[in-house]
Amino acid sequence: MATVALREQPGDGWKPARSLTEQLSEAAKLVRRHAVASIYRAGSGHPGGALSCSDILTVLYGAEMNIWPSATDDPDRDRFVLSKGHAAPALYAVAAYYGFCNARAALNLRKIGSPFQGHPHVADLSFVETSTGSLGQGFSVALGMAMGLKLQRRVSRVYALLGDGELQEGEVWEAAMCAAHHRLDNLCAIVDYNKLQSDDRNDAIMRLEPLAAKWRAFDWAVIEFDGHDLDQILSALRRACATVNRPSVLIAHTVKGKGVPYMENVPHWHGSVRLTREQAAEALAALGATSEEITELLDVDCR
């Protein structure tokens, strides 16, 4: 929210200010490029789930959450927990775009000595609220944060992004029951519902449907929408913010590998995979990168 300017500065080449949606759309493209490049440089990673949640993360940091790069320790800040920790490349890319970290340094994914590891680590990066990776646990931590903020009577909100395969963890439903019991209307869960997990489609491993009905049975306010439509994401987040006496869950229907045609809806690209340079360059080109940008993202030394 803080870093997406709604008005551009007038000058010799001044043009009318772009809409917020246009700015977020451009940001999401750059986030996807950065995530793909960092996974290529690492030699491993999870591109499918990073690409499917890029629009959601871009809107959260670019237009919704009350959090600023200069005040990541503000007790009244909103909190974000990436419960699906393997999508860390997208979180690092968003953080880089909005000024929470150095963009070039954030390309050093999974390198020895780099704070940008394969899953977020709370002791390494100021914008990371808790270490995540073991699925289900991040959501429980987010629940604890929301309860603590309520006890302190703070207006801060807590957002947790979960993978759909993660919902097969029993811990998630224990936390869901607890959040509803305590009427935590400051807690918003977001499900990256791309229908695929590590080995196959969700339905072939353990089906989730009727997913919305499950959450409603736990007394959560449920909002379903297209997780790649920026206006729908904004609307869903603001509806959740206006909900009282109940936690909210946003079921975002997304596409695994969104934006890269050869990755979209293909289970193989969940991860961990090694991208060849040709594959990485093809992905970046599909995401709108120029040949010069591709060279810089893939070949320039970032140490």
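As the structure is a prediction and not an experimental result, all values here were calculated from the model.
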From L125 atom CG to S114 atom OG, the distance as rounded to the nearest 0.5 Å: 8.0 Å

Non-neighbouring partners of A289 that pass side chain to side chain contact (heavy atoms under 4.5 Å, CB included), sequence neighbours left out: R33, L284, E293, I294

Q232 side chain to F225 backbone, donor-acceptor under 3.5 Å: no

Atom pair CZ (R32) and CG (L30), whose distance is rounded to the nearest 0.5 Å: 11.0 Å

Partner set under salt bridge (charged side-chain N to carboxylate O under 4.0 Å, His left out) for D78, not counting sequence neighbours: none

Which residues share a salt bridge (charged side-chain N to carboxylate O under 4.0 Å, His left out) with R201, sequence neighbours left out: none

Which atom of Q197 lies closest to which atom of N202, heavy atoms considered: OE1-OD1, 2.9 Å

Between NZ on residue K195 and CG on residue N265, distance to nearest 0.5 Å: 8.5 Å

Nearest non-hydrogen partners of A280 and V36, listed with the distance: O-CG1, 4.3 Å

Verify same cluster id: L208, L161 (apolar side-chain graph, 4.5 Å): no

Salt bridge (charged side-chain N to carboxylate O under 4.0 Å, His left out) partners for R110, two or more places apart: none

Parallel, tilted or perpendicular, as decided by the 30° and 60° cut-offs, for the rings of F116 and Y92: perpendicular

Enclosure of K29 NZ (heavy-atom neighbours >12, cutoff 6.0 Å): no

Min side-chain heavy-atom separation R79-L149 under 4.5 Å: yes

Side chain to side chain contact (heavy atoms under 4.5 Å, CB included) between L250 and R239, intermediate numbers included: CA-CA 10 Å; L250 279 52; R239 283 175 60 191; over 6 Å; no

Closest contact, heavy atoms only, R41 versus V300: NH2-O, 2.6 Å

Cluster check L196, V260: I/L/V/M/F/W/Y, side chain < 4.5 angstrom: no

pair T58-Y97: side-chain heavy atoms closer than 4.5 Å: no

Min side-chain heavy-atom separation I190-I251 under 4.5 Å: no

Check: T132 and T130 side chains under 4.5 Å, non-hydrogen atoms: yes

Nearest-0.5 Å distance that lies between atom OG in S248 and atom CD1 in I223: 5.5 Å

Minimum side-chain heavy-atom gap M263-Q279 below 4.5 Å: no

Validation row: Y159, V81 side chains within 4.5 angstrom (heavy atoms): no

Any pair counted as salt bridge (charged side-chain N to carboxylate O under 4.0 Å, His left out), so long as it reaches residues 126-135, sequence neighbours left out: R77-E129

Shortest non-hydrogen contact between E22 and S19, atoms and distance: OE1-N, 2.9 Å

N/O donor-acceptor pair under 3.5 Å between H121 side chain and A123 backbone: yes

Common cluster, L51/V266, ILVMFWY with side-chain heavy-atom separation under 4.5 Å: yes

Expected output: side-chain H34 to main-chain A103 donor-acceptor under 3.5 Å: yes

D301: partners by salt bridge (charged side-chain N to carboxylate O under 4.0 Å, His left out), with sequence neighbours left out: R303

Heavy-atom donor-acceptor pair, S134 side chain to Q137 backbone, under 3.5 Å: no

Residue pair H86, H119: steps toward the side chain to side chain contact (heavy atoms under 4.5 Å, CB included) verdict: CA-CA 6 Å; H86 53 276; H119 294 81; 3.8 Å; yes

Candidates V158, I67, L91 - the one meeting side-chain contact (heavy atoms from CB on, under 4.5 Å) with F80: L91

Trace of the side chain to side chain contact (heavy atoms under 4.5 Å, CB included) decision for V172 with L162: CA-CA 9 Å; V172 168; L162 297 93; 4.0 Å; yes

Euclidean distance, N66 CG relative to D74 CG, rounded to 0.5 Å: 7.0 Å

Any donor-acceptor N or O pair under 3.5 Å, side chains H46, K84: no

Q23 side-chain N/O to R18 backbone N/O, donor-acceptor pair under 3.5 Å: yes

Spatial distance of atom CE (M65) from atom CG (L57) [nearest 0.5 Å]: 8.5 Å

Transitive ILVMFWY side-chain link V59 to L187, under 4.5 Å: no

W68-F100 aromatic ring centre distance below 6.0 Å: no

Residues which pass side-chain hydrogen bond (donor to acceptor under 3.5 Å, both in side chains) with H270, listed by chain and number, not counting sequence neighbours: K256

Beyond-backbone contact of P47 with V273, side-chain heavy atoms, under 4.5 angstrom: yes

Any pair counted as side-chain hydrogen bond (donor to acceptor under 3.5 Å, both in side chains), so long as it reaches residues 206-220, sequence neighbours left out: Y193-E209

Salt bridge (charged side-chain N to carboxylate O under 4.0 Å, His left out) contacts touching residues 269-288 (sequence neighbours left out): R277-D299

Donor-acceptor contact present, side-chain N108 to main-chain K111, <3.5 Å: no

hydrophobic_cluster_shared for V222 and M177, side chain cutoff 4.5 Å: yes

Closest contact, heavy atoms only, C53 versus A87: SG-CB, 3.9 Å

Validation row: M145, V141 side chains within 4.5 angstrom (heavy atoms): yes

Contact summary for G99 and P69, nearest pair of heavy atoms: O-CB, 3.3 Å

Pairs where residues 157-183 contributes a residue and the test salt bridge (charged side-chain N to carboxylate O under 4.0 Å, His left out) is met, not counting sequence neighbours: none

Pairs where residues 258-269 contributes a residue and the test salt bridge (charged side-chain N to carboxylate O under 4.0 Å, His left out) is met, not counting sequence neighbours: none

Working for side chain to side chain contact (heavy atoms under 4.5 Å, CB included), residues D55 and D229: CA-CA 8 Å; D55 294 311; D229 185 309; over 6 Å; no

Contacts of type side chain to side chain contact (heavy atoms under 4.5 Å, CB included), residue T254, not counting sequence neighbours: S52, I56, D192, N194, H228, A252

